[in-house]
Amino acid sequence: MIQRDCGGCTLCCKVMAVDELGKPARTWCPHCQIGHGCGSYDTRPKSCIDFHCGWLAGIGPDSLRPDKSKVIIAQSRETNMVVHVDPGAPDAWRRPGAKMLINKAIREGFEVIVKVGPNRIRIDQAQA
């Protein structure tokens, strides 16, 4: 098992919605200390606690750390992978590292959804 930590990555604090805070997706969380972490980590909302970053779980190489790759890989169910893309880099999911993971997931039978801004793109075998 790969041991990873967030380090200075705070991309989830920008890309993900946090319903408990009324924070929409694609905006910085008011508790985020960009590049450092959560300013209210000990009292963070349940949706933040429940979120599992695929990179932290060992998916992909070090170069796919979300703040570097501009994509967050998340598995939302046993057969569903969601790729959340930084709105500042809408084509990041098409870069070789992310594309390689998307293609691998599809070959393994995962349904892949790419979220770019308000758009959701379902990637299938023909597009991989």
Side-chain angles (χ1 to χ4, degrees):
M1 175 104 180
I2 296 174
Q3 293 288 349
R4 291 178 169 161
D5 62 48
C6 298
C9 181
T10 52
L11 189 61
C12 62
C13 301
K14 176 182 181 184
V15 174
M16 310 302 292
V18 181
D19 292 337
E20 298 94 327
L21 299 176
K23 185 200 108 42
R26 303 175 308 279
T27 63
W28 283 106
C29 177
H31 299 285
C32 180
Q33 297 170 356
I34 299 170
H36 298 284
C38 181
S40 62
Y41 186 82
D42 292 336
T43 59
R44 68 194 186 283
K46 184 172 179 355
S47 60
C48 296
I49 293 168
D50 291 346
F51 174 72
H52 298 285
C53 172
W55 183 83
L56 283 177
I59 296 173
D62 288 345
S63 61
L64 278 180
R65 188 172 108 166
D67 62 333
K68 295 177 183 177
S69 66
K70 306 303 181 191
V71 297
I72 299 172
I73 306 289
Q75 189 172 339
S76 66
R77 286 181 303 221
E78 288 181 23
T79 60
N80 190 355
M81 185 172 95
V82 180
V83 180
H84 302 271
V85 182
D86 183 340
D91 290 329
W93 68 277
R94 298 178 189 270
R95 294 178 188 154
K99 194 67 170 167
M100 181 253 331
L101 280 181
I102 290 168
N103 290 340
K104 181 177 186 272
I106 289 170
R107 284 193 307 274
E108 292 175 0
F110 282 78
E111 175 184 15
V112 178
I113 305 295
V114 177
K115 292 184 177 182
V116 182
N119 302 317
R120 287 176 169 72
I121 305 163
R122 173 180 268 146
I123 308 298
D124 61 27
Q125 194 70 34
Q127 296 167 300

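Position 1 is the first residue of the sequence, and the numbers go up from there. All values below come from the heavy atoms of this structure, side chains included, with hydrogens, waters and symmetry mates left out. All values reported here derive from a predicted model rather than from experimental measurement.
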Passes side chain to side chain contact (heavy atoms under 4.5 Å, CB included), Ile113 versus Val83? Steps please.
CA-CA 6 Å; Ile113 305 295; Val83 180; over 6 Å; no
With a 4.5 Å heavy-atom cut-off, do Ile121 and Val116 have their side chains touching?
yes
May I have the step-by-step check of side chain to side chain contact (heavy atoms under 4.5 Å, CB included) for Val85 and Val114, ending in yes or no?
CA-CA 7 Å; Val85 182; Val114 177; 3.8 Å; yes
Let me confirm one number: the CD1-OG1 distance from Ile49 to Thr43, rounded to the nearest 0.5 Å.
9.0 Å
Residues at least two apart in sequence or cross-chain that pass side chain to side chain contact (heavy atoms under 4.5 Å, CB included) with Thr27, listed by chain then number, are Lys23, Pro24
About how many Å separate NZ of Lys104 and CE of Met100, when rounded to the nearest 0.5 Å?
8.0 Å
Quick one: side chain to side chain donor-acceptor pair (under 3.5 Å) partners of Arg4, sequence neighbours excluded?
Asp62
Kindly write out the residues that satisfy side chain to side chain donor-acceptor pair (under 3.5 Å) with Lys14, not counting sequence neighbours, or none if the list is empty.
Asp86
Linking Ile, Leu, Val, Met, Phe, Trp and Tyr by side-chain heavy atoms under 4.5 Å, what else ends up with Leu21?
Val18
With a 3.5 Å cut-off and sequence neighbours excluded, list the donor-acceptor pairs that the side chains of residues 34-42 form with protein atoms.
from: Ser40; atom 1: OG; to: His31; atom 2: ND1; distance (Å): 3.4
from: Tyr41; atom 1: OH; to: Arg44; atom 2: NH2; distance (Å): 3.4

Given Thr10 and Asp67, is the side chain to side chain contact (heavy atoms under 4.5 Å, CB included) satisfied, shown in steps?
CA-CA 7 Å; Thr10 52; Asp67 62 333; over 6 Å; no
Pairs in or reaching into residues 46-60: which pass side-chain hydrogen bond (donor to acceptor under 3.5 Å, both in side chains), with residues at least two apart or in two chains?
Glu20-Ser47, Lys46-Asp50
Which residues share a side chain to side chain donor-acceptor pair (under 3.5 Å) with Arg26, sequence neighbours left out:
none
Any chance you could lay out the side chain to side chain contact (heavy atoms under 4.5 Å, CB included) test for Val82 and Asn80, step after step, and finish with the verdict?
CA-CA 7 Å; Val82 180; Asn80 190 355; 4.1 Å; yes
For Ala89, check side chain to side chain contact (heavy atoms under 4.5 Å, CB included) against everything at least two apart and list the hits.
Lys70, Ala92, Arg95
Note, Cys12 side chain near Cys53 side chain (heavy atom, < 4.5 Å)
no
Using a 4.5 Å side-chain heavy-atom cut-off and chaining through intermediate ILVMFWY residues, the residues clustered with Ile72 come out as Leu11, Val15, Met16, Phe51
Nearest-0.5 Å distance, NZ of residue Lys115 to NE2 of residue His84
5.0 Å
With Lys68, which residues qualify under salt bridge (charged side-chain N to carboxylate O under 4.0 Å, His left out), at least two apart?
none
Quick check: closest heavy atoms across Cys9 and Arg65, and the distance to 0.1 Å?
N-NH2, 3.7 Å
